[in-house]
Each structure stands twice: as C-alpha cells, then as structure tokens.
Visitor: 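Pasting a structure below so you can have a look.
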Amino acid sequence: MSKYLNFIAEKNQLRYLTITVFFLIFSFFWIYPLLWVLSASLKTDFEIWGGLGLIPDKLIWENFERAWFGANMGRYFFNTLIITIVSVVIVVITTGMFGYVIGRYSFPGKKILIGILIATIFIPQGYTIIPVFDLLTDLKVSKNLIGLTIATAGHTPVIYILLFAGYFSRIPVELEEAAKMDGAGFIRTFIMIMLPLTKPVVATVSILQVLHAWNDFLLPVVITLGNPDIRTLSVGVYAFKGEYFVDWSGMAAASVITILPIIILFLFMQKYFVEGVQGAVKG
Amino acid sequence: MNKKSLTQQMYEARWCYLFVLPCSILTGMFVLYPIGMSWYFSLLDWSGFTKDAKFIGLQNYAEAINDPFFWNAFYRSFIFMFGTVPVKIILGFIIAVFLNNQVLKLSPFFRTIIFMPVVTAIAIIGIVMTFIFSPFNGPANKFLMATNLTSGPIDFLGNPDTVLPTVMGVYVWKWLGITMMYWLAALQTVPQDVYDAAKIDGAQGYRLWIHIILPIVLPFAIVIILVEAVSALNVFPLIETMTAGGPFFSSEVMEVYIFRTAFVTDAGTMPRLGYACAAGVFWGVAVLFITALQGFWMRRTRRI
C-alpha cells in the first residue's frame, strides 16, 4: 500500500479527526447487533426487551447452561467441530493435489477438466441439494456425520483449486529437477518438497473452508431434517427457535456459542481470511 | 509437433491422473451428479419420499411457468439483486477509499469491525435479526422511537411492504465487508509511479480519480459486479431464517420457493420433489444466462 491515495493529510488535523470520529460511530452501529446478542445471552428475558443498554445488571451464565445441555447445543457444537475439521483435511488434500498437477503439468484432458471446473462456478446450489440428499441415502450415510462431512467437503469452491494451482505454478522448476535427481518420485516430491512450500495457501484454503463448513446452512438443514442427532450449530439454533421460541436468552446464548469461535479465529488469523476473500477478484 | 502418441502421453502423465482423481470424484459426486439428476427428477411426478415416481415429461415446467408464485419469486430474486448489488458496490468503494489511507491510524480496526458480520453464521444473523427488528420492543424500533424518528413501532418483518427492503438491508450489512475487501485489493494495484506521473502532469482531486484511478480499477469493478450479482441470487439461508419467505410470500425469493415446494413446510403443502427440481433447473438456466451475458460484457471491456 502506498501513500498515493492519502487525501487525508496528517497536517489537516480537523479532517483527520472528523473522519476518525465518523468511523468510530459508524463502527459502533455496525457492530451493535452482534454486541446486542452477546449482551442478551447474559441477561434475563425481561431485561433483553427492557432497553437498548448493552451491560447486563447481573451476568446470567445459566443461559449458556440451558442452551448447552437443555437445547443440546453441546452435542451440535461437537458435530460442527468434527464436520469442520474433517472436511478441511479432505479439502486441503484433494484440492492441493488437483491444483498441483493443474498448475505444473500439462497432460491430455487437462483443458477439459479446467473447463468443467469453471462451469461449476455458475451453478446455483438451490436445486442440487435434493439429489445430494438422495445420493447420501443411497450410500447409506445420510443418517450419520460421515455423509454430512463428505458432502460438505464435496461442495468445494473452485477458488481453492485456483489458489493452489496459481501458487504451485510459480515455484521454480529447478526445485523439482533437483528432487528428481535425488531420486524422489512423484508423490514424494509433492509431499516433501512442494506441499511445505505452499503453507500460505494451505492456511488460506483451510480458513475459507472452516468458514464455509462452520456456517453452512442449506446442506445441513436438509440432511438433518429427520435426524436431530447430527444437527450442526446453525441448524440447532434454527430448530431452537421453532421449539423453545419464548426462551430468548437461551437462544441468544446458543447464537453466541455458534458465532463466537469463528469470530475469535477471525481476529487471530485475519490475514488469511482477507487473502482468501481477495483471491476471488485478484485471480 | 507431437511425436509421442496419445496413449504414450497419457501413460507418462499417469501420476497426474492419480492426483486429480480424489477431487474429481468428490466434485463428480456432489456437484456434477446432482446437477444431472435434478434435470432427470424435473421430468418426474414425484414427492421424493416414496417409490412411485411417474415420468411426465415437461409437465412440471409447464406448471411452473403458469404459477404466479413462481414468477413472483423469480422477479423478487432479481429485485433483490438489483437492490443490493449497486448499494454494496458503491458503499464498499467509498469505505475502501477511506480505509485505504495508511494515515488513518484506526483503519485496520475499522476494517475488522466492518468485516465481522461476514464471518458470523448466516443462519444466526437471520435469527438474531428477527429479534433486532421485532415490533415488540426490538432494539431497532426502540432506537427509532427514542430518537423520535417514528411515533409507533414498525413491523419490519411482518409487513409485506417493509419486509423485502429490511432483508435486503441486512444482506448488505452482512456481506459489505467482502465488497470492501475486493475494492481494497483493487485500489492496491494502482502503482505508485502512475500516481507520481499524474501529479507531475498536474492532475489532482477529482480529476485524478476520474482520469487515473477509475480506469485502473474498472476491470476489477466488472469482476466484482459479476461475483456480487451471483451471490445476491443465493440468499436462501438469510431469508429462510429471517422470514421463511413470509409474510404472505412477500419475501419469497426463488430459492425459498424451491425449498418450500421440495419439502414439507408449515404451509401444509405436499412435498413435490419433481416439481421443485423443474423450478430449480429453470432458475439455474436463467442464472447461467445472466452470468454468460456478464462474462461476454467482461471480455469486451477487457479487450478495450
């Protein structure tokens, strides 16, 4: 980033201050709904609808207890965690392998493969969900976490492959040749030499997949329709709303359980989130 | 030029094929196969839960194009797109321009805040927003009444006139962080020397923006619009959790319509998988058509 767009000159104190104050107020309003649900999760039902203030009179931690045990959010939390972790591993391995050969080798049929991949970008999820459910039923995995996990991993955005392919294609050929001279085969070259070099892409793809798997809604809501035991957090909160619709504070606590882990992850690994998102327009 | 035969080439590339296999299988199973099957299902009269599927040709399509609910949902999806994409693009650009200033010490903090809704689960946003916009002491109404902007509570999500704009507003709020990040990436590609040269030539203020910076970021704008337009057509989780298409179907976009016809919902209708697939295929083709048009437009502008 360079200084060329700096129309806020440091010497113009007034303008600088105005812009900062404006963005501070803007930020507060922007983030208010999230702060509101956080504060509601620690209030009594009565207090939630009482005023606009965000500081609870007394912290009601029982709300979390009710959500975690009563509404089964504890179970859904671990379901979501398993689905997220396993699908990240699957996605990183499969798209990494795919991106590697697409980025570094040419072979008959490569163009067709790329063509099919690009075509899949533009297909809306809306109607493919039904056959996915059918497929999992046929494979007899629609009633457990395995089905939901592989389906989550299977809905891989093409962007992951493109990120890997782009990165792999920029690694100098000499490295590979040296490995070949040392007698390393195709797979060993990939695992020992190439993959370790792509750590930033692995991180970016992992983060994007965590975001996708943790927050996905349509797929889990359809798959778990007749099977509450394998619900994810998002589906759990949605069902909570239907079943205990008067327990506002419990629902707020359930919401916080769902969104807080990702927000914390985001705060610590912001760089990779941003790189992943920007990859879509830079590529 | 190719001395080797195709089989020879393929044999030499055997590792490549092995490496593309796992991802291809997954994509085949969960992306390509479902698309093919939904085309087939769309020709059946089938609830999706029983064995008695009956082949009825294009009857589902004929029924869909004669269903006013279908067309209402169809148009509503595009209202949603045309109502949100320009707002996101313009607002995202303005914010990015300000936050691209390194002089602004708090810029990283503001970016984090604006991006935060992006990482929160969309279904949770939908549910929390039903609280925020509740007519019974919801914070939005409280605020409006406390500041005397309205005299009585507004039933944002219960009134057919306000429900769609409200959902659209929430959508913009939820995803603006992404648009901002796109624009920041675009602005950061403007090279320093371009700017220096412009300064020497005496270009300043708005002229610098119009003649120098905008032409450089314009190719990005087209990609951003394309990406944003497609995502604005995929809003199922937000609408399903906020309104489920209600009240009186007034926020029912295409994906919610498909979901409603495919599965048993509160409306008490029978699930009709075949019909839902037909609606989905029709919708998929429409979206593809728009994407293709935009892709064409993008290529033309890039050539210039």
Side-chain angles (χ1 to χ4, degrees), chain A residues 1-6 8 10 19-20 23 27 30-31 33-34 36-37 49 52 94-95 97-98 100-101 105 107-108 113 120 122-128 130-132 135 151 153-156 186 211 214-215 217-218 234 237-238 241 255 258-259 262-263 266 270 274 277-278 280-282, chain B residues 6 9-10 13 15-16 19-20 22-23 26 29-31 34-35 37-38 98 100-104 106 110 113-114 116 119-124 127-128 132 137 139 142-143 178 181-182 185 188 192 195 220 223-224 227 233-234 236-237 241 255 258 262 273 277 280-281 283-284 287-288 291:
Chain A
M1 239 185 300
S2 45
K3 59 178 196 285
Y4 56 86
L5 291 173
N6 288 342
I8 312 171
E10 256 171 310
I19 291 169
T20 303
F23 269 101
S27 295
W30 195 257
I31 208 72
L34 298 179
W36 185 85
V37 68
W49 305 108
L52 288 165
T94 57
T95 59
M97 286 164 74
F98 200 106
Y100 176 58
V101 291
Y105 296 91
F107 53 90
L113 271 178
T120 59
F122 301 111
I123 295 153
Q125 215 191 7
Y127 64 99
T128 57
I130 300 151
V132 166
L135 178 69
H155 261 283
T156 316
F186 196 90
L211 198 59
W214 192 276
N215 293 346
F217 182 69
L218 178 61
S234 283
V237 179
Y238 183 59
K241 194 189 171 197
S255 301
T258 309
I259 61 182
I262 291 290
I263 289 183
F266 163 66
Q270 214 179 127
V274 172
V277 164
Q278 292 183 338
V281 284
K282 274 181 179 167
Chain B
L6 184 65
Q9 283 180 43
M10 286 175 74
W15 287 110
C16 294
F19 265 52
V20 295
C23 189
L26 276 179
M29 277 171 74
F30 293 105
V31 181
I35 292 166
M37 286 314 276
S38 74
F98 275 99
N100 197 33
N101 284 273
Q102 290 217 302
V103 179
L104 200 63
L106 285 172
F110 295 141
I113 296 286
I114 291 167
M116 208 168 272
V119 302
T120 48
I122 183 80
I124 305 302
I127 292 161
V128 168
I132 300 279
N137 285 327
K142 273 230 161 92
F143 177 78
I178 288 212
M181 288 301 175
Y182 288 162
Q188 282 156 25
Q192 176 71 45
Y195 176 76
F220 282 93
V223 184
I224 296 172
V227 176
L233 295 173
N234 294 297
F236 172 79
T241 50
E255 285 181 303
I258 296 167
L273 191 55
C277 278
V281 170
W283 175 236
V287 173
L288 200 64
T291 330

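What you are looking at is a predicted structure, and each value in this text was computed from that prediction instead of being measured. When reading the values below, keep in mind they use all heavy atoms of this one structure, side chains included, and skip hydrogens, waters and symmetry mates. Letters A, B, ... are given to chains in the order of the sequence lines, protein chains preceding strands, and every chain is numbered from 1.
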Visitor: Looking at every non-hydrogen atom in both residues, tell me the closest pair between B:Pro34 and A:Val132 and how far apart they are.
Guide: CG-CG2, 3.5 Å
Visitor: Ignoring hydrogens, what is the shortest heavy-atom contact between B:Ile124 and A:Ser255? Give both atom names and the distance.
Guide: CG2-CB, 3.5 Å
Visitor: Measuring from atom CG of A:Leu218 to atom CD of B:Glu255, what distance do you get when rounded to the nearest 0.5 angstrom?
Guide: 7.5 Å
Visitor: Which atoms form the tightest heavy-atom contact between B:Cys23 and A:Phe98, and what is the distance?
Guide: CB-CD1, 3.5 Å
Visitor: Shorter than 4.5 Å, heavy atoms on both sides: which option in A:Ala153, A:Pro108, A:Gly154 has the most such pairs with chain B?
Guide: A:Pro108
Visitor: Within the distance-only criterion (no hydrogens, no angle test), does the side chain of A:Trp30 pair as donor or acceptor with the backbone N or O of B:Ile114 below 3.5 angstrom?
Guide: yes
Visitor: Find the distance between CZ (A:Phe107) and CD (B:Gln9) and round it off to the nearest 0.5 Å.
Guide: 12.0 Å
Visitor: Give the member of B:Phe143, B:Phe30, B:Phe236 that has the highest number of heavy-atom pairs under 4.5 Å with chain A.
Guide: B:Phe30
Visitor: Could you pull out the closest heavy-atom pair between A:Thr258 and B:Ala121, with the gap in Å?
Guide: CG2-CB, 4.2 Å
Visitor: Between A:Val274, A:Val37, A:Leu52, who has the most heavy-atom pairs with chain B when the cutoff is under 4.5 Å?
Guide: A:Leu52
Visitor: Locate the shortest heavy-atom distance separating B:Pro22 from A:Thr94; write the atom from each residue and the value.
Guide: CB-CG2, 3.6 Å
Visitor: Any chance CH2 of B:Trp15 has more than 12 other-residue heavy atoms, nucleotides or ligands included, within less than 6.0 Å?
Guide: no
Visitor: Under a 4.5 Å heavy-atom cutoff, which of B:Pro139, B:Ala123, B:Pro237 has the most pairs with chain A?
Guide: B:Pro139
Visitor: Sort A:Trp36 into side chain, backbone, both or neither according to what part of it lies under 4.5 angstrom from a heavy atom of chain B.
Guide: side chain
Visitor: Measuring from atom OG1 of B:Thr120 to atom CD1 of A:Ile263, what distance do you get when rounded to the nearest 0.5 angstrom?
Guide: 6.0 Å
Visitor: Which answer fits A:Phe266, side chain, backbone, both or neither, if we ask what part of it has an atom under 4.5 Å from a heavy atom of chain B?
Guide: side chain
Visitor: Can you tell me how far the CZ atom of A:Phe217 sits from the CD1 atom of B:Ile122, to the nearest 0.5 Å?
Guide: 10.0 Å
Visitor: Between atom CE of B:Met116 and atom CD1 of A:Ile31, what is the distance when rounded to the nearest 0.5 Å?
Guide: 5.0 Å
Visitor: Is the ring centre of B:Phe19 less than 6.0 Å from the ring centre of A:Phe186?
Guide: yes
Visitor: Check A:Ile262 against B:Val119 and note the closest heavy-atom contact, atom names and distance.
Guide: CG2-O, 3.0 Å
Visitor: Please look at A:Phe23 and chain B and tell me whether the side chain, the backbone, both or neither of the residue comes under 4.5 angstrom of a heavy atom of that chain.
Guide: both
